[in-house]
Structure formats: structure tokens, C-alpha cells
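Okay, so here's the structure we're looking at.
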Number of protein chains: 2
Amino acid sequence: MHPPTVEDVARAAGVSRQTVSNVLNAPQRVRPETRARVETAIEQLGYRPNRVAQSLRAATSRMIGYRIEPMHPHALGSIHDRFLHALAEAGRAADRHLLLFTADDPQDEVANVQALHRAGAIDGVVLYGIQSGDPRPPGLRQLRIPFAAFGRTGADAEHPWVDIDNAAGTAAAVEHLVTGGHRRIAFVGYPQGAAVGDRRADGWRTALDQHGLLDGSHHLDLRGEDSLATGSRLAEVLLDHPTPPTAVVAATDTLAAGVLRTVRQRHARLAVVGFDDTPTAGALDLSSVRQPIEAVGHAMIRALLGPVPGETPGEPTGQLLAPELIVRASSAPH
Amino acid sequence: MHPPTVEDVARAAGVSRQTVSNVLNAPQRVRPETRARVETAIEQLGYRPNRVAQSLRAATSRMIGYRIEPMHPHALGSIHDRFLHALAEAGRAADRHLLLFTADDPQDEVANVQALHRAGAIDGVVLYGIQSGDPRPPGLRQLRIPFAAFGRTGADAEHPWVDIDNAAGTAAAVEHLVTGGHRRIAFVGYPQGAAVGDRRADGWRTALDQHGLLDGSHHLDLRGEDSLATGSRLAEVLLDHPTPPTAVVAATDTLAAGVLRTVRQRHARLAVVGFDDTPTAGALDLSSVRQPIEAVGHAMIRALLGPVPGETPGEPTGQLLAPELIVRASSAPH
DNA sequence: TTGTAGGCGTTATCAT
DNA sequence: ATGATAACGCCTACAA
């Protein structure tokens, strides 16, 4: 009826509880003969150590908290799905499971994390959607709750984080387009001030500059909210310019999709590269910068389980991962 | 340092551990005076009952397992995000948390669930992406592990399930279009044999029939894989027909988006309604049938925590929820 | 190499 | 109304 316990296994194998425990936790200390007997009993009974008892005993839940946010209704597709799966997969490799919880806002998130941590339900937490000046890292640090952040706040020296090298992504897009013969390459991004958006703009600008293509291209840097309509509208602006670009680097696939729509409507020629490699990109045959999310997942679990931040000050706390450009038809040389 | 325990609270309040426990679990049995003292101590120490100890004691983890699948790369956007959040939110209301795990396939999923259940890590599991003939429900039933399924397998009498009334969704779309004056309304869906797709086709056909509009509309029922390209191609076929439809009901937003693309390219007039109300629909101003995912989440938690299946045979085990049509510009009357 | 004892934090049972 | 005892299943000493 109830799952078997060490006691049951011990009885079945004719040994004591502790020998069973030893077989599992320190096999070398048990005579092969006895071990075999115990292992057979374990097999036959289908015994699994009770994780709850283990947790109580070890004062460790082997659970990692993760706040699942309501979906942004305007986002055409995000990498959140991929991230969560990658995190779960990375957790499996480290014998950790994810505990999902909800919260009303970042403050509430910290409060819920504290409650879960005090209750012994989680050992730490992974933070997603980090913004500049995000209150969660300092909050959790003060509570001395282990965490790792996906993204940077601007004050990241004191806690573990993992981030994508956004600038490298747009730079790679520019390289690719320059190689394809393009000389006037525009950028369509979201408003200045958003950290991620600014870094993506930086990569574009820097790469252009390295090829001496930056002069007089101020009209080629357009910003707006992250939506299909905005992408569409900004593409109109670009195409209507006397010296229009021949290629566009977009800060997101959503913006890129908007650009593509205008391009198709006007039968214009304009190479486009997006960012994030969402399913939308695949569907539209849109070249896109792909974030190495699986690697991020592993890095975050490692960062979280690694040395406690603050204990060895001065150590590197962060990790920057390079994205990869996926080339599709939208940026094929004419 | 370590979180406070009942012991600490008891000491602080000058009572025994059990009185503290009583204050929390049977307040009426404690003298108001004492209770107040204990509650103050709890407050001051920030005491939270240790969930792990509670679980060990109660032989219940208050955790619900959920397998997170890798994202389908071709899906333009799915309701999975919404579903997972809804489930977590519903769980919160019932003092349950979700434990995420991964698996290679349905078989592996059942095996992992069994392991987690034996280990006391989860009390039950929620099944997503149910297919006809899905092996998971019978597998879990045999293992006597509580579960609830989102969707139906075709043999659902013996376990709790929650499903969307897919036929009602497409029927509502047809009603809407008929009201708008349309007489030739096509259906674009995925191949026959897929249960969900067939039900959506059924709703379309039934509603058309009720209005006497079904005659000679065989050429208006087209199927293909769920992709943008397919939607696009099938729209071409429809528009090229001597008596083309004036409206289309699509089985998914992805297919609908493909239809829309063709419509725009050819400057054709064709009302379109999609299914799932994904972010894509919002971005394209596409009317779409919205699944009541939040309600599904609550229903599933209730179903899971409800009476154990099989104990009271003959009871209704399932629940069918009606979707809602979201009207946008794509189906506006001409 | 194997067994005995104790305790992780909680709560139900039973006494006072 | 409150307190002592025991048990959930496991594991880390320590003892034999």
C-alpha cells in the first residue's frame, strides 16, 4: 500500500536499516555480498528514498523556486518557454527540481521567496526578467537567500548572474550583412533607456563603426515599442528616406516581423535580421540571433549552487554567453 | 541564523511546543490570552511552519507534478505559457505548488511521476497535451497515482479530465460570421484523425448545417499541417476556386495567420477567425476563439484534489468548458 | 563490516 | 486549557 521504507528493505534483506542506508550512501563500506542482497531487496520492493525525510534530515529541499509570470499579451512569442524548459533540464542534471510560484510584482516575489525559503520549501531562486535597478537582487541578498539572475541590473558585482552578450548578437548580424554586401544597415529597436535594447543598439553601432559605415547613419537608428505595428511603421519611415537602407537589424523578432510585413506589402528589397529566434522567426523564414538558452539554464543552476555570494568577495560573479546568428532567407544576399 | 521553529516560538511565548501548534491548527482550543502571546511571538520571530516537516508528518507534499516539454519549434505561439501560469495561480489558491520535471516521452513521464510519487515529492500530476489513445492515463491509473488530464484520450470514463469544448468554439465563429452576412464559410484545419482538429471541424460543420449552408461546401473543408505556409497555401486554393468563400474559420491562429498573409498579398476580401487567441492574434488584429485557460487551471486543480477516481464509480469525471470568441478587425463585416 | 541511538520540525494522541 | 510523548523516514555519528 504505502511506499516501502528503509525498514521494509532492511527486513526483506535481513539487515538493519543503517546497512540499507549505507548501501545507498556509502556503498564501499558494505560487503559486496550484503550489498547485493540489499540491492535485490530494493529492486524488488521498488524502494525510493523519501525525499521529504531526506530534506528534513539534510535541511535542504533540493528545490529551486521560480516565479512564473503571466504572459505578456503583446509579445509575439518569447524565449520564456525555452528558458523554463532549459532550467528544468539543467536542474535534473543537478538533482534539483523547480518549484513554481506566482507573485503580483517584484516586491511580492521577494516576499514569497522569503516565505518559501523560511518554510524550507526552496533552497534558492532563479530570477527572470531582470530590469535595470531591479529591486529583487538587493532584496534577496539582504535576506541572505541564494539566487541567480538571468540578466543584469547595472549593479551586479555582488550576486551571481548570467546574461546574453546582446551587443555581440547585433554585431554578428551586422557582420553577416556587411559580408553580404550591404553598406547602409539600419537598426530598429526599442526606446533608449531599456538596458537590453541599448546593448543591442551598441552592438549594431560598434560593428558599423568598425567597417567605417557609421557616418551619416543617424537616420538609420529608429526606436519604438516592441510591437508588430511599430516595426511596420518604422520600416515605412526607413523606406521613405531618400537614401534608404538595404538591410535592417531589429532588436526583436516582433519588430523584425513588422518590418517584413511592410517589405512584402511594398515589394521592397530589404534584408532583415531579428533577435531571439522565436518560432515566429522560423515561420517567417527570418534570420535571427539565437540566445543559447540551454547553456544559460546550465550556467544559472551552476551559479546558484556555487559558492554563496559575499563569502568570497572579489570573485567573478557573472557570466556572459555569446548568442548565435541563425541565417535564413530574410537576409540572403540579393 | 536558522529559521525559527515551534520550539523557539514556544520559548519566546513561555508555552510548550504543542500550544504553539494548537494556536496554528486549532486556535479555538487555546485561551485568547495565551493565543495572543503566541501570535506575538510568531510575528516577532517571523516564524513559518517548516513545510518539509509538515509533509513528513502528514505524508503529503502539497506538490503537484508537471512535465514541462521542450517547445514545439514550429508553433507560432501556444497557450502553454498561459496554461502553466493559470495552473500555478490555481494551485496557490489551494495551497499547492507545482513541481516541474522533464521527460523524454510519455513513457518516461509516467516513470518519472512514479519515482517522484514514491519519493513523496508529489501528491499527483497534471497531464498536458493529451492525445487520443494517450498511454499516460491508463498508466497512472494502474499505479494509483492521482492525476488530472487537460484534454481527452477517447477513453476517459475512469479518470478526471478537463477539456475545452472545441466544437462550440468553431460553431461560435460560424455564428458570428453568419450574423455578419457570410454565406460561404470555409474551414482550414489540420488533418483528419487529430481529435482536437476533428472536433473543431465538427463545430464548423454542425453550425453551417443548422443554417442550411452546408450543401456543396465540400471544397470549403481543407486540411494540412499546422503551419503558416499551409495556411497561406490553403487560402490560395480557396481564393482560386470558382465560388470562393467570403470567410474562413481556421483551426489555429497559425493557420489563420497564413490565410491572412495570402489575403493581404492578393488584396482579397476574406473574413478570418483563428483559434486560441495567441499573442499572434492580437498582433494581427485577428478574431480568435479564446480558451478559458484560467478556468481550466482551477478546474484541473479541483479535479485533481477531488475524490479519488475509481472510488465512487459512475460519477462524472470530466468537465467541458466553453471557449469565448474574441472579435477583432479580421472578421469585421465588410 | 554492521548495528544502535538520536534528532531534523511537526502534529495527533493522550494525559494532566 | 495546556503539556508530555511518540512517530513520520532518513542519515550521521558512534559503538560493537
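Throughout, a chain's letter reflects where its sequence line sits, starting with A, and its residues are numbered from 1. Treat the numbers as computed from the prediction; the structure is a model and nothing was measured.
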Legend entry - For Asp165(B), salt bridge (Lys or Arg N to Asp or Glu O under 4.0 Å) partners two or more places apart: none
Inset, instruction - Enumerate the residue pairs fulfilling ring pair (Phe, Tyr, Trp, His ring centres under 6.0 Å) with a member in residues 94-121 of chain B, sequence neighbours excluded, ordered by first and then second residue. - result: none
Legend entry - Whether Phe147(B) and His159(B) hold their rings parallel, tilted or perpendicular, with breakpoints at 30° and 60°: tilted
Inset, instruction - For Asp123(A), check side-chain hydrogen bond (donor to acceptor under 3.5 Å, both in side chains) against everything at least two apart and list the hits. - result: Ser61(A)
Legend entry - Partners meeting side chain to side chain contact (heavy atoms under 4.5 Å, CB included) with Val9(A) (sequence neighbours left out): Val20(A), Val38(A), Ala41(A), Ile42(A), Leu45(A), Tyr47(A)
Legend entry - Inter-axis angle, terminal five-pair segments of the helix from dT1(C)-dA16(D) to dT16(C)-dA1(D) [nearest 10°]: 50°
Legend entry - Whole-Å gap separating C1' (dG9(C)) and CZ (Arg118(A)): 15 Å
Are any protein N/O atoms closer than 3.5 Å to N/O atoms in nucleotides 13-15 of chain C? If there are, list each pair with its distance.
none

Inset, instruction - Please round to the nearest 0.5 Å and tell me the distance separating atom CG of Leu84(B) and atom CE of Met71(A). - result: 11.5 Å
Inset, instruction - Could you pull out all residues at least two apart from Arg118(A) that satisfy salt bridge (Lys or Arg N to Asp or Glu O under 4.0 Å)? - result: none
Legend entry - Contact list for DNA chain C against residues 49-62 of chain B - heavy-atom distance below 4.0 Å: Pro49(B), Asn50(B), Ala53(B), Gln54(B), Arg57(B)
Inset, instruction - Return no unless some side-chain N or O of Thr19(A) is found under 4.0 Å from OP1 or OP2 of dT2(C). - result: no
Inset, instruction - Mark yes or no for whether Arg35(A), through its side chain, and Val23(A), through its backbone, hold a donor-acceptor pair below 3.5 Å. - result: no
Legend entry - Heavy-atom donor-acceptor pair, Arg82(A) side chain to Gln291(A) backbone, under 3.5 Å: yes
Inset, instruction - Specify the residues of residues 31-45 of chain B, ordered by number, for which at least one heavy atom lies under 4.0 angstrom from an atom of DNA chain C. - result: none
Inset, instruction - Using the test salt bridge (Lys or Arg N to Asp or Glu O under 4.0 Å), find all partners of Asp95(B) that sit at least two apart in sequence or belong to another chain. - result: Arg62(B)
Inset, instruction - Calculate the interatomic distance between Tyr47(B) atom OH and dG9(C) atom C1'; express it in whole Å. - result: 7 Å
Legend entry - Donor-acceptor contact present, side-chain Arg136(A) to main-chain Asp134(A), <3.5 Å: no
Legend entry - Contacts of Glu7(A) that satisfy side chain to side chain contact (heavy atoms under 4.5 Å, CB included) - sequence neighbours left out: Thr5(A), Arg11(A), Arg17(A)
Legend entry - Rounded distance [0.5 Å steps], CG in Leu321(A) versus CZ in Phe150(A): 8.5 Å
Inset, instruction - Would you kindly say whether Asp156(A) and Thr153(A) are connected by a side-chain donor-acceptor distance under 3.5 Å? - result: yes
Inset, instruction - Please find the earliest and latest nucleotides of DNA chain D, in the 5' to 3' direction, that have an atom within less than 4.0 Å of any heavy atom of chain A. - result: dG9(D) to dT12(D)
Inset, instruction - Kindly give the heavy-atom pair with the smallest separation between Ala121(A) and Leu99(A), and that separation in Å. - result: O-CD1, 4.1 Å
